[in-house]
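What follows is a set of notes on a single structure, which appears directly below.
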Protein chains: 2
Amino acid sequence: MALEHAILVSLLEKPGSGYELARRFERSIGYFWTATHQQIYRVLKRMESDGWVDVRDVPQYGRPDKKEYSVAAPGRQALSAWLGEPTEPESVRHDLAVKVRGAAFSDPAALIDEVERHREAHTARLAHYRAGETRDFGTPPADGGLDAERELQHVVLRGGIAYEQMMIAWLDDVLATLARFRTGD
Amino acid sequence: MALEHAILVSLLEKPGSGYELARRFERSIGYFWTATHQQIYRVLKRMESDGWVDVRDVPQYGRPDKKEYSVAAPGRQALSAWLGEPTEPESVRHDLAVKVRGAAFSDPAALIDEVERHREAHTARLAHYRAGETRDFGTPPADGGLDAERELQHVVLRGGIAYEQMMIAWLDDVLATLARFRTGD
DNA sequence: CATTGCTATGCAACGAGGTGCATAGCAGGA
DNA sequence: TCCTGCTATGCACCTCGTTGCATAGCAATG
């Protein structure tokens, strides 16, 4: 399990409440690790009782109070330990690949709409990534120095961009292949 | 859930036992959808009681008997229905991306070995895919016709190849980035 | 004959993840 | 005033996936 570690990284980048973490998991971090708010609250509880994070009640005006979590020393150690131990091949779940192979036993052309929907979703995400890259990494840092946090976030984002580009190209390949089996071919 | 559908596709491509399915999930299908043998046996039971698959006892000599499953009409219908309904963005789990962002708060250089291990794994898988492509799709089909099953399997394999190439290129990018934070830089 | 190893099937238990629902404060508009 | 909507936290339940273990047939090896 690595949700705890993803939360540690997010809290190290910036302390926040469970609700704020949930929103981060809908954008930046969420593109590489998904989690719902219930999952996050549950794990935060456990991390708190394990002493990995500290909690601070933050009264707010104009909205409900919140609990702000930040990483404690044992949490940092746990993260370092995890970084050091080998993690294995992320288990893949590409339902679209299953569908493409399954289309051979049904109507291949019926899958075209679905593939196009996915292509649009990936195109939108690519545009989103690129906008983020321009916004956050378009200009070199003010001090001109080497900022590990910034550089490593950037290389992860480049990975996201490469992934989306690859997917779009592959989906075009799929569409071209499916088109060859159109009825009346 | 789509394990049932992955099993349907695999059984349509070739009927087989739970054991044989489990082995297929370690290679071809397994590159896009993972499953353990316990999971497969459990789901096969449910699919059988739902009438999606038929079972046939196959006595074997020199090894234990087996139950050979094949897809029944309702199973085919279920697959077609699933192909038609929209499936959503595969939930991503890239622990390596989390680790890379986390490395900013630990020793970035300590991650190099781990990234190299992943690079080797992806290189090996790419070689495996390419060997499979040459073996199965290196020469055009004997009848020269358009075989949907064959063509669609090929396009999925091309997707796997594209994915591995992208990953290797990205991991090189990560390694170059991490190297800039070596101690004594 | 005992051990190892592969084929083949399965149970039990646990933990992770997801869905639905509940609660509550407060703002803004109909 | 009521309703909608956003922030904020949480419980209960159920399914999926994984781990460990058990059983059993048969072959090959020492």
Side-chain angles (χ1 to χ4, degrees), chain A residues 1-7 10-11 15-27 29-30 32-50 53 55-69 82 87-95 98, chain B residues 1-7 10-11 15-27 29-30 32-50 53 55-69 82 87-95 98:
Chain A
M1 223 277 285
L3 176 53
E4 304 147 75
H5 304 109
I7 289 176
S10 194
L11 288 179
S17 67
Y19 188 81
E20 283 162 355
L21 281 171
R23 306 207 61 187
R24 287 182 213 172
F25 272 82
E26 284 170 9
R27 11 178 220 88
I29 301 273
F32 314 106
W33 203 273
T34 58
T36 61
H37 79 272
Q38 289 86 347
Q39 230 184 115
I40 291 167
Y41 282 123
R42 199 190 302 150
V43 172
L44 275 174
K45 276 267 159 85
R46 187 172 65 226
M47 291 170 76
E48 186 193 340
S49 71
D50 288 349
V53 292
V55 202
R56 194 170 63 94
D57 273 335
V58 178
Q60 296 192 115
Y61 304 96
R63 61 179 62 176
D65 298 348
K66 67 174 180 178
K67 298 183 186 175
E68 195 183 75
Y69 291 87
W82 178 67
T87 323
E88 253 347 90
E90 335 78 50
S91 69
V92 188
R93 290 282 146 112
H94 282 191
D95 49 8
V98 177
Chain B
M1 224 276 284
L3 176 53
E4 303 147 73
H5 303 108
I7 289 176
S10 194
L11 289 180
S17 68
Y19 188 82
E20 284 161 355
L21 282 171
R23 306 208 61 188
R24 289 183 212 171
F25 272 83
E26 283 169 9
R27 9 177 222 92
I29 300 272
F32 314 106
W33 203 274
T34 58
T36 60
H37 79 271
Q38 288 87 347
Q39 230 184 114
I40 291 167
Y41 282 123
R42 199 191 301 151
V43 172
L44 275 175
K45 276 267 159 88
R46 188 172 63 227
M47 290 169 76
E48 185 192 342
S49 71
D50 288 351
V53 292
V55 202
R56 195 169 63 93
D57 274 333
V58 178
Q60 296 191 115
Y61 304 95
R63 60 178 62 176
D65 298 348
K66 66 174 182 179
K67 298 183 186 174
E68 195 182 75
Y69 292 88
W82 177 67
T87 322
E88 251 349 271
E90 336 77 51
S91 70
V92 188
R93 290 281 146 109
H94 282 191
D95 49 8
V98 177

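No hydrogens, no waters, no symmetry mates; every other heavy atom, side chains included, goes into these values. Bear in mind that the values here come from a model prediction, so they are computed numbers and not experimental data. A, B, ... follow the sequence lines: proteins, then strands. Residue 1 opens every chain.
For residues 57-67 of chain A, the salt bridge (charged side-chain N to carboxylate O under 4.0 Å, His left out) pairs, not counting sequence neighbours, are A/Glu20-A/Lys66.
With a 4.5 Å cut-off on side-chain heavy atoms, A/Leu44 and A/Val55 do not count as touching. At least one side-chain heavy atom of B/Gln39 sits less than 4.5 Å from a side-chain heavy atom of B/Thr36.
Residues that satisfy the ring-ring contact (aromatic ring centres under 6.0 Å, His included) test with B/Tyr41, not counting sequence neighbours, are B/His37. Taking B/Trp33 as the reference, nothing meets the ring-ring contact (aromatic ring centres under 6.0 Å, His included) condition, with sequence neighbours excluded. Considering only residues two or more places apart in sequence or on other chains, A/Ser10 meets the side-chain hydrogen bond (donor to acceptor under 3.5 Å, both in side chains) condition with A/Arg24.
The CG-P distance, from A/Leu44 to D/dG10, rounds to 9 Å in whole Å. The distance from atom CZ of B/Phe25 to atom C1' of D/dG17 is 13 Å, rounded to the nearest whole Å. Computed from coordinates, the B/Glu4 CD to D/dT15 P distance equals 12 Å when rounded to whole Å. When the P atom of C/dA16 is taken as reference, atom CD1 of A/Ile7 falls 12 Å away, rounded to whole Å. Rounded to an integer number of Å, the gap from CD of B/Glu26 to C1' of C/dA8 is 14 Å. Here D/dC16 presents its C1' atom at 18 Å from NZ of B/Lys45, a figure rounded to the nearest Å. B/Asp65 has its CG atom 10 Å from the P atom of C/dA8, to the nearest Å. Note: CG (B/Asp95) to C1' (C/dA16) measures 15 Å, nearest angstrom.
The distance from atom NE2 of B/His5 to atom OG1 of B/Thr87, rounded to the nearest 0.5 Å, is 9.0 Å. Note that CG of B/Leu3 and CD1 of B/Ile7 are 4.0 Å apart. Values are rounded to the nearest 0.5 Å.
If you check residues 16-24 of chain A against DNA chain D, the residues with a heavy atom closer than 4.0 Å are A/Ser17, A/Gly18, A/Tyr19, A/Arg23, listed by number.
In this structure, A/Trp82 and B/Asp95 approach most closely via the heavy-atom pair CH2-O, 3.8 Å.
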Notebook entry, point to check: Just by protein heavy atoms under 4.0 Å, how would nucleotides 18-27 of chain D read 5' to 3' in B, S and -?
Noted result: BBBB---BSS
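Between B/Lys67 and A/Arg46, the one whose closest nucleotide on DNA chain C sits nearer the 5' end is B/Lys67.
Not one side-chain nitrogen or oxygen of B/Lys66 sits closer than 4.0 Å to the OP1 or OP2 atom of C/dC6. The shortest distance between the side-chain N/O atoms of B/Tyr41 and the OP1/OP2 oxygens of C/dG10 is not below 4.0 Å.
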